Amino acid sequence: MRETDARELKVRTRVAPSPTGDPHVATAYAALINACFAHAPGNDGAFVLRIEDTDRARSTEASEAAIFASLRWLGITWDEGPDVGGTHAPYRQSERLPVYAEHARRLLAAGQAFACFCTPERLEEMRVAQRAAHEPPHYDGHCLQLSSEQIARNEREALPRVVRLKVPREGSCVFDDMLRGRIEIEWRTVDMQVLVKSDGFPTYHLANVVDDHLMEITHVIRGEEWISSTPKHVLLYEYFGWAGSMPRFCHFPLLRNPDKSKLSKRKNPTSILHYRERGFLPEALLHFLGTLVDGRNDEALLACTTSRELVARMSDCFDLARIPLGGPVFDLEKLLWLNGQHLRRHTPQQVLAILEAWGYEWPQGVAPAQRERIARLAMDRVRTLEEFGPLVAFFTNRPDPSRAELELPELPASIAREALEIALPALAQDEQWHAAGIGALLKSAVAAHHWNGSGNVRFRDVVRTYYVAVTGSPTSVPLFDAMEILGKTESLRRLATALERLH
Ligand code: GLU
């Protein structure tokens, strides 16, 4: 660790997730913006991953490991971090406690912070009174009045205490935001924030400012929910004498649900792991997050088949100033669409490998030689890897359609039966059993048939029955190809079974 006021000009950004719960898509979003900005042309900077695990009750090792794994899965890498090291190590706040303690002492000694011995009961009474008076909850400054003798006595008696930030009551804090320009917040609305908790652990505010300074972060780029905390941070930079090297602030808009509320688990899955498990491709999720950053729909991103390529391309044309202030909407439909698009950028052979790496297990009975052919057909029809299994299950699970499913919704019931009756002898003659031949035979059988009292029936009127008979569903992979893969005996057997159903 080193402390310096003579900062190099090199851009240094960071993302600072707390390892609580599942890794959140908002963390990936912030990481993407910070990584792209650090590596944008001309910045030639470094991107740091710092783990903010000062909440002892909620932080877990498993959650930290999941952050690393899910960001890596997405293709986001960091130049410095707990797992890769770096010149400003350690990067895990729980390993930096003496640093925060020393900085808290500095503030106390300078009278810029104060010890607060208020009991939880007193604080609760205070909050109740404030609520009754329709005041926003805030610390009332009670312990600011304590004499040094009282403080010394309380400390001798080892009364539990926290350290709070002394905040001016007059005037306002003014700071500049790279996206929003000048922001002014009145000091009287800023709470006397706890900086050190009674267990001796720092809160986010103290640890975050101390680390951003010591890690020489030049740009603090984070979600807009932190705007109201920024005055506390600005004050800390001033108290520590670091105002001259304060990082620049940029608060980007939060991800939103389609109804514009803040992205929440209840309305949209928020865990990166969820998307991996459901069979989204990392490059598609990353591309999607990229479109949310600046609303740009860059065709060239679609051509990227790896997320590494995508990050490199996004960094190359990254411009922080283009982030719009309207909340970007996390539209699952759009993500599904993009996923399908990215999937189809791969060859069938690659899709096979992706599916198997994701954990797809072929049912017994699908010969390895058939797998690539099936993948080729199905990849045009699925949006996620998860949709693949159900779509191709009919290859091994013989469908058992009901009469109602086989009948045609807009034609007399007898037409479906006739359609099957003419298909069987027509196909029985086919020796080649190739998709094109199967299609031609079926179509000419339908065209040549004299339909019982129904006038002209077209192939597209009856194809639904063939689909249901062979695949179990009126929409599936291309029918003639599916029949070719199934083979003549199996295909005819399915058509014959369906015909029996209609008698
Ligand atoms: N630990 C904070 C979080 O979880 C970091 C906020 C910041 O970037 O300053 O969001």
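Both ligands and their constituent atoms are indexed starting at 1 by order of listing. No experiment lies behind these values; they were computed from the predicted model shown.
- No hydrogens or angles considered: nothing links the side chains of Glu52 and Tyr204 as a donor-acceptor pair under 3.5 Å.
- Residues Phe330 and Phe288 bring their aromatic ring centres within 6.0 Å.
- Taking the charged nitrogens against the carboxylate oxygens, Asp331 and Arg256 have no contact shorter than 4.0 Å, which rules out a salt bridge.
- Under the 30°/60° scheme for interplanar angles, the aromatic rings of His205 and Trp226 are found to stand perpendicular.
- For His342, the side-chain hydrogen bond (donor to acceptor under 3.5 Å, both in side chains) criterion is met by His287, not counting sequence neighbours.
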List of N/O pairs, ligand 1 versus protein, all under 3.5 Å?
from     : atom 1 : to     : atom 2 : distance (Å)
ligand 1 : 1 (N)  : Ala16  : O      : 2.7
ligand 1 : 1 (N)  : Ser18  : OG     : 3.3
ligand 1 : 1 (N)  : Glu52  : OE1    : 2.6
ligand 1 : 4 (O)  : Ser18  : OG     : 3.4
ligand 1 : 8 (O)  : Arg14  : NH1    : 2.7
ligand 1 : 8 (O)  : Arg14  : NH2    : 3.4
ligand 1 : 9 (O)  : Arg14  : NH2    : 2.9
ligand 1 : 9 (O)  : Tyr204 : OH     : 2.6
ligand 1 : 9 (O)  : Asn208 : ND2    : 3.2
ligand 1 : 9 (O)  : Arg222 : NH1    : 3.0

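- Aromatic ring centres of Tyr100 and Phe201: separated by at least 6.0 Å.
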